[in-house]
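Okay, structure first, notes after.
Order of the sequence lines sets the chain letters (A, B, ...), proteins ahead of strands, with each chain counted from 1. Both backbone and side-chain heavy atoms feed into the values below; hydrogens, waters and symmetry mates do not.
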Number of protein chains: 4
Amino acid sequence: MDRRPGRPRSEETRRKILAAAIGELEQRGYGELTVEGIAARAGAGKQTIYRWWSSKADVVLDAMLEHAAAAIAVPDDGSLAADLDAFLAATFKQRGLRPVLTGLMAEALLDPAFHDEFRDRFLFGRRAALRGIFERAAGRGELAPDTDVELLLDIVFGVLWYRLMLDHAPLDEQVGRELAALLTAAAGNGGIT
Amino acid sequence: MDRRPGRPRSEETRRKILAAAIGELEQRGYGELTVEGIAARAGAGKQTIYRWWSSKADVVLDAMLEHAAAAIAVPDDGSLAADLDAFLAATFKQRGLRPVLTGLMAEALLDPAFHDEFRDRFLFGRRAALRGIFERAAGRGELAPDTDVELLLDIVFGVLWYRLMLDHAPLDEQVGRELAALLTAAAGNGGIT
Amino acid sequence: MDRRPGRPRSEETRRKILAAAIGELEQRGYGELTVEGIAARAGAGKQTIYRWWSSKADVVLDAMLEHAAAAIAVPDDGSLAADLDAFLAATFKQRGLRPVLTGLMAEALLDPAFHDEFRDRFLFGRRAALRGIFERAAGRGELAPDTDVELLLDIVFGVLWYRLMLDHAPLDEQVGRELAALLTAAAGNGGIT
Amino acid sequence: MDRRPGRPRSEETRRKILAAAIGELEQRGYGELTVEGIAARAGAGKQTIYRWWSSKADVVLDAMLEHAAAAIAVPDDGSLAADLDAFLAATFKQRGLRPVLTGLMAEALLDPAFHDEFRDRFLFGRRAALRGIFERAAGRGELAPDTDVELLLDIVFGVLWYRLMLDHAPLDEQVGRELAALLTAAAGNGGIT
DNA sequence: ACATAATCGAGACGGTACGTCTGGTCTTTAC
DNA sequence: GTAAAGACCAGACGTACCGTCTCGATTATGT
């Protein structure tokens, strides 16, 4: 319940600002994004944005999280290969987010404060989902006991981000299958088989 | 031979500008870097910078390439594991470049024109070096015939960049050895052994 | 009533900017005047100046009009010679404005938009005052009926500006008397006498 | 005879620069005039201009003096009224020079050094011509003995420049006749007649 | 009802850095 | 040995946004 006095925050304005951020992103790209432009498109005051978000990247992060909220479910198909395949397939399907993701990463690289927020609110969420998959596989004995799961995670997300950023090679389901095969082969070495 | 009339470009000024860029980077970080600051520190006119470079990222890229030119040699120790290990060890040793590299990557993510230049003049150079190592290994029969070398490259550089950017896990020689072991294991499957 | 939304214009800042313009003018002269300098001296942002004035000349015109607002009254002494004498004496007394006036005229000669503003807001005001004197004289029969009053006005202000600009001859009360005498003699020819 | 060693100054380049100045003036106006633009249009180096002229105004002054060199002859028709009439008619015929003249005057008002040069090389030349007319008239007894010739000169050129600058009233032969009539009337008062 | 308090759109404010331009100097090659 | 070409420094120019602020209107809570 909202027991504080004063005019409550306008949910409508919140939505209009996030929508405007997405709109500006699609129309002009992350590099050309300005708080001034978002405010103008949303018909909102700049102060209203600064009151609730600390930077334009913060707005975009919120917009992206809201936009892509229930998008990726964690698969549980009974085998590492199948789960990995499904996870990567679901992830790669969101390739339309490429400009948004690379823009946010750029901001994170330039602004240490946003770096932490981006990592905690987005990257570590995806990371935890994939870690769950690996841990279930370990529980089933599909991984060698001394496997460095963190390295496996970094390999998956490393390839994902590297191709996202460089845009020099496809990021499709075939890559997902290849990567899943390579990782199961490598991680299974010495496992139960 | 330089047979054009007019005063030739000053090599001294070029060096002073690149040095000033490095200096500003070390003192204030990439995010705080300004063309104005570089010009002031170098005792050069802003126009002189804009005459020869198209953006501050362009200056930093030049400075970085010059600074780290002969730094990384391509090892050739006779086995994939040893070469990979040496390559990664040499690469990880340059961790002082982290702020510069992440700054350049941020710029590349925001500016499509610089994206291409950064990829072609820096990233693809390193990539070609590592590809050479893998191809020599393939020649020696150390890789399965159907190995997707490009994917292996993306794994190595993906992990490298992912950890460089997120800074959530160490980027040291131990990781290098682990990664080399994992890749040789995965890629050697079905090879001559 | 001021019912527009948004922060209202700061009267204090307006005054500080105009005062700074006068200060810079006195200290450094019109040629050395810069918007940057005015903003710095006023403790105001450059954008604030550009928001309300279209050029530095516009600022100086406002400052001058405000500064010299009630300065010159229109004399009414009962005879053309006396009125003319008094008008010119009062005008010539403002010789301290010479650098400002010549600066504004220079600007008007270079910028057509400012040309009109300078003419309408300053020159034509002075011109109307003198025209009043001549018209009262005509009403008293002191001028020949076919006198071209506009030409008389141009003679007075022409000599005034010509000497102001060239600075080759004095612009004092004696010249005023001489000019008044010459004009009354010329314009009275054929008058009632 | 040209006895200095080395390649002589290129008369062709000199002419091309002056012509380029006139061309830029006509096409873009004095305010938009730049040394860079003149150099580019003339196909000359900027240094070539700075070597021979001290400012863009200096170039324009030279160009104008050359362009309008033999344009105005001093009339000698035997009477003040006729001479004055002819002088003003000839002067007013050059109304095409208005943009150039006002531009030069603007420069003179902003730059004290050019002020003197403009005055000495142009204004005082015209002034001397008109003074000759008045002095011949005085010799013929057409002027009152105590006439202030300098004031008469200032009236003529004052009206001329005032109308040139303000552009609020015509500057044609009729004004010339009116002014001549008024001055002869005023100056002749008390003359021999 | 009325005071208090926090919201909102709007936009002015003091600033920073941008990328372009200019004046004037300096250093080469071309003639 | 001069002229032309063009690189150089220094710094003014007007522009775009920044993040903060102030305004008047609006919308809730608490007496």
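Comparing B:Ser54 and C:Lys16 against DNA chain E, the residue whose closest nucleotide sits nearer the 5' end is C:Lys16. When each of A:Val35 and C:Lys56 is assigned the nucleotide of DNA chain F with its nearest heavy atom, C:Lys56 is the one assigned upstream, toward the 5' end. Across the interface with DNA chain F, nearest-nucleotide mapping of C:Ser55 and A:Glu32 shows C:Ser55 to be the residue nearer the 5′ end.
Distance, D:Arg51 CZ to F:dT2 P: 9 Å, rounded to whole Å. Atom CD in A:Glu36 sits about 14 Å away from atom C1' in E:dT16, given to the nearest Å. Remark: P of F:dC18 and CG of A:Asp58 are 14 Å apart, rounded to the nearest angstrom. Straight-line distance from the CD1 atom of B:Ile17 to the C1' atom of F:dC9: 11 Å, rounded to whole Å. What separates CD of D:Glu11 from C1' of F:dT2 is a distance of 16 Å, to the nearest Å. Between D:Asp111 atom CG and E:dT22 atom C1' the separation is 15 Å, expressed in whole Å. One interatomic measurement links the two molecules: CZ of A:Arg15 to P of E:dC8, which rounds to 13 Å at whole-angstrom precision. F:dC13 atom C1' lies 13 Å from atom CD of C:Glu107, rounded to whole Å.
Judged by a 6.0 Å distance limit and a 45° cone about the ring axis, C:Arg14 is not positioned over the six-membered ring of C:Trp52. Judged by the 6.0 Å and 45° rule, C:Arg9 forms a cation-pi pair with C:Trp53.
The stretch residues 38-50 of chain D touches DNA chain E through D:Lys46, D:Gln47, D:Tyr50, each having a heavy atom within less than 4.0 Å of the strand.
Regarding contacts with the backbone of E:dC21, every side-chain N or O of D:Thr34 stays at 4.0 angstrom or more from both OP1 and OP2. Checking the phosphate oxygens (OP1, OP2) of E:dA6, no side-chain nitrogen or oxygen of A:Arg9 falls inside 4.0 Å. Between C:Trp52 and the phosphate of E:dC13, there is a side-chain N or O to OP1/OP2 separation shorter than 4.0 Å.
One can find a donor-acceptor pair under 3.5 Å joining the base of F:dT26 and the side-chain atoms of A:Arg7.
Between A:Leu61 and A:Leu104, the closest heavy-atom pair is N-CD2, 3.9 Å.
Of the possible donor and acceptor atoms, one in the side chain of D:Lys56 sits under 3.5 Å from a partner among the backbone N and O of D:Leu33.
When the side chain to side chain contact (heavy atoms under 4.5 Å, CB included) test is applied to A:Arg7, no partner is found at least two apart in sequence or on another chain. With sequence neighbours excluded, the residues satisfying side chain to side chain contact (heavy atoms under 4.5 Å, CB included) with A:Ile22 are A:Glu26, A:Ala63.
Salt bridge absent: B:Arg119 and A:Asp167 never bring a charged side-chain N and a carboxylate O closer than 4.0 Å.
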